[in-house]
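A short write-up of the structure that comes next.
Atoms considered below: every heavy atom in the structure, side chains included; atoms not considered: hydrogens, waters and symmetry mates. Atoms within a ligand are numbered from 1 in the order they appear, just like the ligands themselves. Sequence positions, counted from 1, serve as the residue numbers for this chain.
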Amino acid sequence: MELTQLKGIGKTTAEKLEQLGIRDVMDLLFHLPLRYEDKTKITAIDDLQGFSHAQVEGEITHSYVTQGRRPILVCEIDDGSGNMQLKFFNFYYSQKIKMRAGLKVRAFGEVRHGMYGMEIIHPEFSLGEDQPPLAETLTPIYPKSEGVSQKLLQKAAAQAIQLLQAGAFELDELLPAQWLSAQQLPTLKAALIQVHTPPPELNVNQLMTMSHPAQIRLKIEEILAHFLAMHQARTAIQQHQAVAMPISEADHQAMLERLPFELTGAQQRVVAEIHQDLAKPMPMQRLVQGDVGSGKTVVAALAIQAALRAGKQAVMMAPTEILAEQHLLTMRDYFPQEQLVFLSGKIKGQERAEALTAIAGQGNIIIGTHALFQTEVVYRDLALVIIDEQHRFGVHQRLQLKHKGKQHDQLPHNLIMTATPIPRTLAQIAYANLDVSVIDELPPNRKVINTVLLENSKMPQLAERIRSACQRGEQAYWVCTLIEESEHLRAKAAQDTFDELTASFPDLKVGLIHGRQKADEKQLVMDRFKANEIHLLVATTVIEVGVDVPNASLMVIDNAERLGLSQLHQLRGRVGRGNRQSHCVLMYQAPLSENAQIRLQTMRSTNDGFEIARQDLKLRGPGEILGTRQKGSMEFRFSNPEQDAQLFQQAKILAADLMKDNPEVCERIIQRWQHQAGELAKV
Ligand code: ADP
Ligand code: MG
């Protein structure tokens, strides 16, 4: 049913609603309230509590405008139980005249503790003796966007509900009736009516905390749609063929013998899982999760080995130039006989032409950045795609690369490696379309990194520490964190720090690396750092991922309070890679915000990536953890992966049953929630 059939909605409004993803009346019904306001009662001023929404009614005793640069209209009101202030920062002079002493006023808003008792800033209000009757039901508050008022959404939704109740259109129940009654959950129709127009007798508390059965009913279907869509995406890929690349035990052993270390138990297990996948004529879809330093690169190498033995090409893509270069060096060590090709945005002209020729020809291990999936890059015979640190890539980029290898209905095998240790519960949701392997063990002899916090002003203490570490033959990083968006300013800050440190340590060799340098310049610095020709390396956060210099044992991060937990953890993971005791000094500028305090304390108290991820999840919420906020890939409009963990479990089981019993219904549930199901599902 068309939106314009509703009263009060013309063409322009309909267009604005479309920007919210609301294209018809049905969409409007699925645009669910985010919260509710309780205007069913008046609270006595004496009973008000701060930081909550309330409605009050009283007489204006005094109304005045404060003097100062920014005048404020203040209305003092009294209801017999006590008095409080209503404050307006933006007001018309006519409003001041209207809000005169002696008048009755009803006001609604967020109550706060003010200088003179309770106050509400910019309340909704109405003046006069004859106030309208109190609302009979909770008032739904919708997520809104520019140009569409809350009032309009409320009216439109109320009309949509009336039409639904009048049977003006069909709304099919897609969940099994038996299951619903066993769970004591309402039908979809009843649930929608209740959440949009909650009747007075509905449990207010449940509704406010999003735990009413009607809300749970809707969440379940939303989550269900997510799992079904993920599963559908997975099945769609499994329809394709892939080259089976079994690797012989002899070939595998030969490679293991060339390694300078023995694999940990966890690495052996994960490699075995990958080799099993690769041996099948069906595209692998596996995610390897492993904390920083857990040794993911060698696992990737052992996967590449299988592709090489099958005579195929493997590509490994990294999110940054530096990381890609690092992988190139490592893979050269592991595969001295093979033809490696490097491609990134910075490779230009003749060099680029040569790289492209090699990729279409004899090259068999191809390493680089996102430049690898530009349309002009043509692969000879790509059978394995490895993506390192996948959370940094946009969904579409991954998709493109996958299609690169598509030949005669065959897809390449896919391996995604991530160091973002997201909690298992979240992983199950986000990666429901992937098989997950976890490297849950660090290589032996790793010492726990000792982390200390140091105020910026205590810098002199630090200088001694750096000097003595370097004199012992160890090496140190100094990471400059500048939040500036511009790479240029970041580089400049690093340059300044470099100049200062060079002056303070005439006896040490100080190096500098940042994102504005040319690829070969960076390479040179990294090579010299690796060879211990540089003692102290000043860097921007470009070294965040992947740099591997086991002899580095000290890391200083200046203004660490500016960084998020996972970024700090990644950075710290650059030390503690050898077997000597390593240290990480987090410098900070006091005073710290509460949130920054928690972050730094967390870093000090634990080295465990999963523990840090849990804390991060608490501080930031799931959308941001997955780095998908802008990409909209894990957006549940209604459900919350953390708070609704139990519902996710239930929905998962239900999804499995439905897929078995009723694939047609599954398809329809996905369709219905398509907006919500998310982009990730389509990958
Ligand atoms: P990440 O998982 O962070 O990518 P890397 O693959 O860079 O970790 O490995 C970190 C360091 O540990 C490297 O120097 C690597 O050579 C080393 N390493 C990896 N596996 C082992 C192992 N089983 N025993 C000893 N050292 C290992
Ligand atoms: Mg790595």
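- Of all atoms in ligand 1, numbered sequentially from 1 with element shown, those under 4.0 Å from a heavy atom of Thr297 are 4 (O), 5 (P), 6 (O), 7 (O).
- Of all atoms in ligand 1, listed by their number and element, those nearer than 4.0 Å to a heavy atom of Leu263 are 23 (N).
- The closest approach between any non-hydrogen atom of Ile439 and ligand 1 is not below 4.0 Å.
- Checked against salt bridge (Lys or Arg N to Asp or Glu O under 4.0 Å), Glu354 has no partners two or more places apart in sequence or in another chain.
- Of the heavy atoms in Asp291, only backbone atoms (N, CA, C, O) come closer than 4.0 Å to ligand 1.
- The NZ atom of Lys518 lies 15.0 Å from the CD atom of Gln523; values are rounded to the nearest 0.5 Å.
- Here atom 23 (N) of ligand 1 lies nearest to Glu262 when heavy atoms of Met417, Gln289, Glu262 are compared.
- Residue contact check: Val292 has heavy atoms under 4.0 Å from atoms 3 (O) of ligand 1.
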> Do Gln267 and Thr264 pass the side-chain hydrogen bond (donor to acceptor under 3.5 Å, both in side chains) test, and can you show the C-alpha distance, the side-chain angles, and the key distance before you say yes or no?
Replying inline: CA-CA 5 Å; Gln267 284 170 322; Thr264 62; 3.3 Å; yes

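- Between Asp507 and Arg467 there is a salt bridge, with a side-chain nitrogen of the basic residue lying less than 4.0 Å from a carboxylate oxygen of the acidic one.
- With respect to the salt-bridge test (charged N to carboxylate O, under 4.0 angstrom), the residues Lys522 and Asp527 do not qualify.
- Among the atoms of Gly295, some N or O lies under 3.5 angstrom from an N or O of ligand 1.
- Considering each of Arg446, Lys296, Gln268, the one bringing a non-hydrogen atom nearest atom 11 (C) of ligand 1 is Arg446.
- Annotation for ligand 1: atoms under 4.0 Å from non-hydrogen atoms of Thr264 are 23 (N).
- Nearest to atom 25 (C) of ligand 1 by heavy-atom distance, out of Gly293, Gly573, Ala266, Pro443, is Pro443.
- Counted by atom type alone, Arg580 and Asn551 present one or more donor-acceptor pairs between their side chains at under 3.5 Å.
- Judged by distance alone, the side chain of His535 and the main-chain N or O of Lys509 form a donor-acceptor pair under 3.5 Å.
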